[in-house]
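Side chains included, hydrogens not; waters and symmetry mates left out as well; all remaining heavy atoms used. Only a predicted model underlies this, so the values are computations on that prediction, with no experimental measurement involved. Reminder, nothing fancy here: chain letters follow the sequence lines and each chain counts from 1.
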Amino acid sequence: MVLLTKFWPIMPDPGLLFWTTIIFFLFWFLVGRFAFRPIADALKERERSIDEALASAKQAREEMSNLKAQNESILQEAREERSKMLKEAKDIRTKMISDAEKDAKERASKIISDAQVEIDNQKKSALADIKNQAGTMAIAIAEKVIQKELKGNPEQEAFVSTLVNDIKLN
Amino acid sequence: MNDIINMRIFLILFLCWFGTFNTAVAGDNNGKFDVAETALHHIADANHWFLFGNVYIPLPCILYDRETGDWSVFMSSKFEVEEKGTGTKAIDRYVLNHGMIQRVKEKSFPMGVQDIKLEGHGEKVHVALAGAGGHDHSHDHSHDGHDHDHGHGEHFTVENRSIWDGGMLGGGMSSYYDFSITKNVATMMIAFLFLGFVFFSMARAYKKWNNQGPKTFWQRLLEPVFIFLRDDICKPVIGEQHYMKFLPYIAALFFFILFLNLIGQIPFIGNPNVSGSISVTIVLAIFTLIITNINGTGHYWEHILWMPGVPAWVKVILTPIEILGVFLKPFTLLVRLFANITAGHIIILSFIGLIFVFADIGVETGMGRGAGAMIGGVLAFALGLFMSAIELLVAFLQAYIFAVLSASYIGAAVDTGHDHH
């Protein structure tokens, strides 16, 4: 059987070669440059941003847990500080009380010793006073005795008068 | 929901079958049905886009006369087709025969628009100027199909467009080139516009919803495919360092071929056999050849021209083989795609042709044409359905293979060899 129709698809046809070259080149050039390239870039950029977002979320989570631990340690420190402060305050109180007691004791003993001195002084002055009084009384008595003895004894009177005169001269 | 999906699947399969059935009807000759003839006719390019019945889309015809250097440009509707894609006018000696432009050989045929009567088919075509005789020529080509006798006066023979096959495939040079927007060219233009629209809108969507997930239909549909091309073809095959540079080319190849493969299988639109035309696959393979070799590194050329690490006498043998390999690799690409797609079209058309073969058998056996066609129809449906499913797979597979092999050739060329040593 002789075929009337040729097997056209296997024939390199200049027209079809020409048009295919033009159309495919334009397709590759235009769609490749203005669609495939931007799409590929956009996909890459999107993947990058997703990776980045995931990484930063992970980092944020880590930071958060770090922060928590930090807070915990700060709290712990604060607690320690508080108890330390309380202890110090207690110590100070105790010291203050003991100091005050000591001070008070010292003062009291000083007051007492002062009082003792005063009492001694008073006693001494009182004794001196008594001595003076007693002296004076003794002198007065002695005077009266002497006066009585001397009354009627002109010699005596004259002697006394000379004595008095001597005193006046002094 | 499932019922709707099932119905859709059934409808699609039915349309696949009916579409091819439909194209087969158009090839039915008067007299006995010839399956091979019909199949060959339907896988050929055409200057006229046949849809169904007597409905055609006219296409622009751009013809170049090699002898005078004149261009003839007009719409194919100017041929005033009456039936089966055969025109009733000759324009500058060009005629439309079964949807394909041919040219009257004889220079004595008048230029300009002429009323003609065209008879015969394929190469055995006779043209007569209408109103100048109007004989019946059926007896002429019964004894000699290639009757070039000019003595018949008003009877003229035709020649096909020039084909760059050196006459080896039945083509050869003639008096004209056909640069028309044929059915195949128009299909590629549709592919260009459609894919351009799809990918430009996708690119816009990525810009609009910066760093967000897919939002539009095309993004959702094609993003996984695009990422597959990038991560499973380009990245492993071309290599981490260069793959972004060649991704647009590989993606362009894949989507262009896939679209052309698929559009050839859609019923009711004439099943254009674009990626099954060797002219198309030649161009795609040449692109790969050029891109591969202009990006070839010193390492690549060293391995072709003077393979290191082998004795000198082996080098002498290897170098011609390697140089041959540079061209053989793209050649396998173009043959593989062309053969797969064309074979698929022929097989489906042959199965659909069973309807008419069985109808003829029905007539011969006295069973009746209708009964025969019925048996043929059942066979055609079952086999055609099966084949359509396989062709659908082949459409994806061949686009993938062309892309992945192109990527591997480019990958071998840009490889600097540091990874291996």
When heavy-atom pairs shorter than 4.5 Å are enumerated against chain A, which of [options] gives the highest number?
options                                : answer
B:Ile227, B:Asn273, B:Leu195           : B:Leu195
B:Arg230, B:His345, B:Met100, B:Arg161 : B:Arg161
B:Val185, B:Asn210, B:Asp165, B:Ile181 : B:Val185
B:Val283, B:Val335, B:Ile341           : B:Val283

* Asked: Do A:Phe7 and B:Ile43 come within less than 4.5 Å of each other through their side chains, counting heavy atoms only?
  ->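 They are in side-chain contact.
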
* Got A:Trp8 and B:Asn160 here, is their nearest side-chain heavy-atom distance under 4.5 Å? ->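 Yes - at least one pair of side-chain heavy atoms lies under 4.5 Å apart.
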
With a 4.5 angstrom heavy-atom cut-off, could you sort out which part of [X] is near chain B: side chain, backbone, both or neither?
X       : result
A:Phe25 : both
A:Ser49 : side chain
A:Leu26 : both
A:Phe18 : side chain

Which atoms form the tightest heavy-atom contact between [X] and [Y], and what is the distance?
X        : Y        : result
B:Ile163 : A:Pro12  : CG2-O, 3.6 Å
B:Ser162 : A:Pro14  : O-CD, 3.1 Å
A:Pro38  : B:Ala203 : CB-CB, 4.4 Å
A:Gly15  : B:Phe179 : CA-CD2, 3.6 Å

* Using a cut-off of under 4.5 Å on heavy-atom pairs, state which of A:Thr21, A:Asp41, A:Ile10 scores highest against chain B. =>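 So the answer, after comparing A:Thr21, A:Asp41, A:Ile10, is A:Ile10.
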
How long is the span from the [atom1] atom in [X] to the [atom2] atom in [Y], to the nearest 0.5 Å?
X        : Y        : atom1 : atom2 : result
B:Ile286 : A:Leu17  : CD1   : CG    : 7.0 Å
A:Asp13  : B:Asn184 : CG    : CG    : 9.0 Å
A:Lys44  : B:Met244 : NZ    : CE    : 4.0 Å
A:Leu16  : B:Ile278 : CG    : CD1   : 11.0 Å
B:Met188 : A:Phe27  : CE    : CZ    : 12.5 Å
B:Gln212 : A:Ile50  : CD    : CD1   : 10.5 Å

* **Residue pair B:Phe192, A:Leu30: steps toward the side-chain contact (heavy atoms from CB on, under 4.5 Å) verdict** => CA-CA 10 Å; B:Phe192 174 78; A:Leu30 294 176; 3.9 Å; yes

Checking heavy atoms, do the side chain of [X], its backbone, both or neither come under 4.5 Å from chain A?
X        : answer
B:Leu169 : both
B:Ile250 : neither
B:Tyr176 : neither
B:Ile346 : side chain
B:Phe287 : side chain
B:Met168 : neither
B:Phe199 : both

* Chi angles and distances behind the side-chain contact (heavy atoms from CB on, under 4.5 Å) call for A:Arg46, B:Tyr206 -> CA-CA 9 Å; A:Arg46 193 178 76 190; B:Tyr206 279 109; 3.8 Å; yes

* Of B:Phe200, B:Phe226, B:Phe246, which is the lone residue that meets ring pair (Phe, Tyr, Trp, His ring centres under 6.0 Å) with A:Phe36? ->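 Checked B:Phe200, B:Phe226, B:Phe246 against A:Phe36; only one passes ring pair (Phe, Tyr, Trp, His ring centres under 6.0 Å): B:Phe226.
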
* Asked: Is it true that a side-chain atom of B:Ser279 and a backbone atom of A:Met11 form a donor plus acceptor pair closer than 3.5 Å?
  ->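 A pair under 3.5 Å: yes.
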
* Are the side chain of A:Arg37 and the backbone of B:Leu247 linked by a donor-acceptor contact shorter than 3.5 Å? ->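 Here the side-chain-to-backbone pair does not exist.
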
* To do: Kindly indicate, with the supporting measurements, whether the criterion side-chain contact (heavy atoms from CB on, under 4.5 Å) is fulfilled by A:Trp19 and B:Thr182.
  => CA-CA 10 Å; A:Trp19 284 111; B:Thr182 59; over 6 Å; no

* To do: Would you sort out whether A:Val31 and B:Phe255 count as a side-chain contact (heavy atoms from CB on, under 4.5 Å), showing the intermediate values?
  => CA-CA 11 Å; A:Val31 177; B:Phe255 287 112; over 6 Å; no

